[in-house]
Amino acid sequence: MTRGKPASVGYWLFKTEPSAFSITDLKNRKSRTEHWDGVRNFQARNFMRDDMRLGDLGFFYHSSCSDPAIVGIVEIVRTGYPDFTAFDSKEPHYDPKSTPQRPLWYMVDVHLKRELREPITLRELKAQPALADMRLLSRGNRLSVMPVNLQEWEYILGMDHR
DNA sequence: GCCAACGTTGGC
DNA sequence: GCCAACGTTGGC
């Protein structure tokens with residue numbers, strides 16, 4: 001947006017535990033659109049609140065399961081806005097420090113573009129020298145929402161053509 | 001279930 | 001502001 005440069009698409013990775021919310025769950029939604037709520041980490045929040053733009057794309061990643069893998073591609077269809085699930089004491093991620101007047105946590109809405117032909121497993125990702133610096137693979141990285149750079153994005157899309 | 005790698009909290 | 005204790009994440 002600055003200095004007349006064309007807006008560039010940003011790329012992201014969204015982690016989810018399939019036992020809680022899987023790509024099948026998202027596929028079965030009539031709208032195939034979902035609030036990415038419940039993120040309670042400041043760095044991940046900042047990415048959603050400050051950096052994601054309409055039309056940005058993201059990998060949908062299954063974590064904490066028998067075969068962690070990228071399984072689909074989503075598009076950002078609504079940029080950061082207050083995560084209202086934080087306001088509700090009945091919600092699992094309720095946080096009394098966040099109020100409608102002073103929201104602490106933010107979310108975006110994502111829309112499922114497509115499933116990958118086959119999941120690209122964590123194991124396969126780790127085997128690619130081209131992805132050695134990928135944030136997902138960095139030691140001890142536990143962010144549930146993180147950026148992916150263009151080179152990584154394109155390389156991984158290429159892996160989908162098997 | 002284990003454990004490394006964090007992030008958060010709270011006493012000082 | 002420091003830092004130890006604690007809780008969580010997530011691969012294995």
Side-chain angles (χ1 to χ4, degrees), chain A residues 10-29 34-52 56-76 79-110 112-149 151-153 155-160 162:
Chain A
Y11 301 99
W12 306 94
L13 183 141
F14 294 87
K15 278 186 201 170
T16 176
E17 299 187 18
S19 60
F21 184 75
S22 73
I23 194 163
T24 307
D25 296 326
L26 182 54
K27 245 177 33 175
N28 290 342
R29 295 284 163 90
E34 176 66 20
H35 307 313
W36 208 262
D37 59 40
V39 173
R40 299 293 180 264
N41 169 280
F42 288 105
Q43 214 177 339
R45 177 206 68 181
N46 293 348
F47 287 137
M48 293 199 292
R49 188 189 60 183
D50 306 332
D51 298 331
M52 289 188 188
D56 281 3
L57 300 173
F59 289 130
F60 191 102
Y61 177 82
H62 282 169
S63 69
S64 289
C65 54
S66 57
D67 233 345
I70 295 170
V71 292
I73 295 183
V74 296
E75 179 178 348
I76 309 300
T79 55
Y81 64 105
D83 179 349
F84 49 74
T85 69
F87 307 148
D88 184 348
S89 61
K90 292 185 289 296
E91 287 286 339
H93 297 106
Y94 169 61
D95 183 352
K97 293 193 295 299
S98 186
T99 65
Q101 292 73 34
R102 285 175 180 270
L104 182 60
W105 303 114
Y106 284 73
M107 61 185 172
V108 297
D109 289 356
V110 301
L112 179 64
K113 292 201 73 168
R114 64 179 178 90
E115 271 188 292
L116 297 191
R117 302 171 182 213
E118 280 182 73
I120 299 175
T121 64
L122 178 61
R123 187 193 174 117
E124 291 171 291
L125 294 171
K126 283 181 171 172
Q128 311 300 319
L131 301 178
D133 295 331
M134 195 179 176
R135 196 154 179 164
L136 177 70
L137 308 181
S138 76
R139 240 174 344 119
N141 185 40
R142 297 169 306 151
L143 278 179
S144 63
V145 173
M146 68 181 79
V148 172
N149 73 36
Q151 291 73 22
E152 295 160 351
W153 180 268
Y155 187 89
I156 293 167
L157 285 188
M159 293 172 69
D160 192 34
R162 295 166 298 187

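A, B, ... follow the sequence lines: proteins, then strands. Residue 1 opens every chain.
Ranking C:dC12, B:dT8, B:dA5 by closeness to the A:Arg142 side chain, first place goes to B:dA5.
The interatomic distance linking A:Lys126 (NZ) with C:dG11 (C1') rounds to 6 Å, in whole Å. With rounding to whole Å, A:Arg45 atom CZ is found 14 Å from B:dG7 atom P. Remark: P of B:dA5 and CG of A:Leu137 are 16 Å apart, rounded to the nearest angstrom. Counting to the nearest Å, the P atom of C:dG11 and the NE2 atom of A:His62 are 12 Å from each other. Whole-Å rounding puts the A:Leu13 CG to C:dG10 C1' distance at 14 Å. If you measure from atom CG of A:Asn141 to atom C1' of C:dC12, you get 17 Å, rounded to the nearest angstrom. One interatomic measurement links the two molecules: CD of A:Glu17 to C1' of C:dG11, which rounds to 12 Å at whole-angstrom precision. Computed from coordinates, the A:Leu143 CG to B:dG7 P distance equals 8 Å when rounded to whole Å.
An OP1 or OP2 oxygen of C:dT8 is reached within less than 4.0 angstrom by no side-chain nitrogen or oxygen of A:Lys15. In this model, the phosphate group of C:dG11 is approached by a side-chain N or O of A:Tyr61 to a distance below 4.0 Å at OP1 or OP2.
Note that the CZ atom of A:Phe21 and the CG atom of A:Asp37 stand 9.0 Å from one another [nearest 0.5 Å]. Here the straight-line distance linking atom CE of A:Met52 with atom CH2 of A:Trp36 works out to 9.5 Å at 0.5 Å rounding.
Remark: the backbone N or O of A:Leu143 is paired with a side-chain donor or acceptor of A:Lys15 at under 3.5 angstrom.
Looking only at atom types and distance, the side chain of A:Asp109 has a donor-acceptor partner in the side chain of A:Tyr81 under 3.5 Å away.
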